[in-house]
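Atom set for the values below is all heavy atoms of this structure, side chains included, hydrogens, waters and symmetry mates excluded.
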Amino acid sequence: MHNPMIRVLSGLKFTPLFFCFAILLGWSSSAWAEPVPETAAHSENDVYAKGRLSLQLVSGALFSLTNVPDGTPVFNYAQTNLRLGVMFTDPGPQDCFLRGNWEGIFEVTNSIIFKGFGNYMGGVTALVRYNFVQPDWKVIPYLQAGAGIIYNDAYKDQSQNAIGQAIEFTPQASVGLHYMISDKWALDVEGMIQHISNADMAERNSGINAVGGFVGITYFFDGLWQWQVPSE
C-alpha cells in the first residue's frame with residue numbers, strides 16, 4: 001500500500017526547481033548577512049515589515065495538463081482566492097539582490113469547473129511566500145508554495161479516474177508580483193501550478209495537474225499587535 005503522505009508530496013514533483021532554489025537562497029542570504037537596524041527595516045517598504053497584514057483577492061483560471069500523467073482528462077476551472085497574510089520577518093539583508101521577507105498566508109478558495117466533469121470545488125489552503133523587497137521598488141516579485149484541502153462534486157462522475165472522493169488535497173506553487181499603486185494598495189498578477197489528488201485514500205486517484213494565471217488586488221494594513229490604544 002502506498003504511503004498517503006508520500007502520495008501527497010509527490011504532487012509537487014512537477015514544481016519548477018528554481019522556485020525552491022530561489023527561496024532557499026533568500027533565506028540563507030538573510031541568515032548570513034549582518035542584522036539590519038530596526039529603524040532602517042521599517043523606513044523602507046514599511047508594508048512588508050514584521051507583523052504587518054495583507055488582504056489579497058485574486059481571480060483567474062487553471063487548465064489541466066491533458067495526459068500528464070497518462071490518461072488525465074480535460075479539467076478546466078475558474079478560481080477565486082481570498083488570502084490573509086502576516087509578515088513573519090522584516091526585509092533583509094540590506095544589500096543583496098535577494099533581499100526580501102517571509103509571509104505566511106491563509107487562503108479561502110472557490111472554483112467553478114467550466115470544462116470537464118463536475119461543477120465546483122471549494123476549500124482552504126496554507127501558503128508560505130517570499131517577497132523580493134528592494135528599497136523604493138514599486139514592483140515586488142514573490143514566490144509561494146503550500147497545500148490545502150478542497151470539497152468537490154467532480155468525484156461523482158464515475159467515468160473518470162482522476163478525482164475519486166469528495167475531499168482532495170491541493171499542493172501548489174506560484175510566482176507573482178505586486179505593483180504598488182499607493183502606500184497600501186497593490187495590483188497583482190500571478191501564475192500557478194496546482195495538483196489535485198487524494199493520496200490513495202480512494203480507488204480513483206490518477207490526479208489532476210493544472211496551470212493558469214490570476215489577476216487581483218492587495219491591501220496592506222497594520223497587524224493587530226501594532227495598533228495602539230489612545231492614552232486617556
Side-chain angles (χ1 to χ4, degrees), residues 18-19 22-23 25-27 29-30 33 35-62 78-111 124-146 148 172-194 211-231:
F18 75 87
F19 282 11
I23 291 178
L25 279 178
W27 202 346
S29 298
S30 298
V36 180
E38 185 174 355
T39 55
H42 285 266
S43 63
E44 300 167 343
N45 306 107
D46 190 56
V47 295
Y48 295 94
K50 181 179 179 180
R52 296 295 293 265
L53 301 179
S54 69
L55 186 65
Q56 182 182 40
L57 179 67
V58 295
S59 186
L62 292 107
Q79 187 175 100
T80 298
N81 301 318
L82 181 64
R83 299 165 177 165
L84 178 64
V86 57
M87 305 298 170
F88 288 157
T89 64
D90 287 320
Q94 191 69 10
D95 297 317
C96 178
F97 73 99
L98 292 175
R99 181 181 189 267
N101 78 321
W102 291 93
E103 182 179 2
I105 297 171
F106 174 78
E107 173 186 87
V108 177
T109 180
N110 182 70
S111 300
V124 295
T125 309
L127 299 160
V128 175
R129 174 184 292 173
Y130 189 80
N131 299 296
F132 294 87
V133 184
Q134 292 292 333
D136 302 321
W137 275 19
K138 287 186 175 293
V139 176
I140 309 296
Y142 61 83
L143 301 175
Q144 68 185 33
Q172 62 191 54
S174 301
V175 56
L177 61 84
H178 298 302
Y179 178 73
M180 304 299 297
I181 58 176
S182 73
D183 291 342
K184 292 189 175 183
W185 289 94
L187 298 178
D188 310 323
V189 294
E190 181 178 306
M192 178 191 290
I193 184 165
Q194 184 175 61
V211 296
F214 300 85
V215 295
I217 192 166
T218 297
Y219 179 72
F220 299 90
F221 52 100
D222 290 340
L224 293 176
W225 53 90
Q226 292 181 319
W227 294 347
Q228 297 182 354
V229 178
S231 57

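The shortest distance between side-chain heavy atoms of Leu62 and Met192 falls below 4.5 Å. In this structure, the side chains of Arg99 and Val133 come closer than 4.5 Å at one or more pairs of heavy atoms. Looking at heavy atoms from C-beta onward, Arg52 lies in side-chain contact with Asp222 at the 4.5 angstrom threshold. Inter-residue side-chain proximity for Leu127 and Gln172 is flagged as met; some heavy-atom pair is nearer than 4.5 Å. Residues Lys138 and Tyr179 have side chains in contact (heavy-atom distance under 4.5 Å, counting atoms from C-beta outward).
Here the straight-line distance linking atom CG of Leu143 with atom CG of Asn131 works out to 9.5 Å at 0.5 Å rounding. Here CD1 of Ile105 is found 11.0 Å from CG of Leu55. Values are rounded to the nearest 0.5 Å. Residue Asp188 holds its CG atom at 9.0 Å from CE of Met180, rounded to the nearest 0.5 Å.
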Please test Asn101 against Met87 for side-chain contact (heavy atoms from CB on, under 4.5 Å), starting from the C-alpha separation and ending with a verdict. CA-CA 7 Å; Asn101 78 321; Met87 305 298 170; 3.3 Å; yes

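Under the rule for a side-chain contact (heavy atoms from CB on, under 4.5 Å), the partners of Ala78 that lie at least two apart in sequence or sit in another chain are Phe114. Every residue two or more places apart in sequence or in another chain that forms a side-chain contact (heavy atoms from CB on, under 4.5 Å) with Thr109 is listed here: Gln79, Asn81, Glu107, Ser111, Thr125, Ile150. Listed by chain and residue number, His178 satisfy the ring-ring contact (aromatic ring centres under 6.0 Å, His included) test with Tyr142 (two or more places apart in sequence, or in another chain). The side-chain contact (heavy atoms from CB on, under 4.5 Å) search around Val215 returns Val189, not counting sequence neighbours. By the ring-ring contact (aromatic ring centres under 6.0 Å, His included) test, Tyr219 pairs with Trp185, Phe221, sequence neighbours left out. Applying the side-chain contact (heavy atoms from CB on, under 4.5 Å) rule to Thr80 yields the partners Leu57, Ser59; only residues at least two apart in sequence or on another chain are considered.
Separation of the Tyr48 and Phe220 ring centroids falls under the 6.0 Å cut-off.
Among Arg83, Lys184, Glu103, the one residue that satisfies the side-chain contact (heavy atoms from CB on, under 4.5 Å) test with Ser54 is Glu103.
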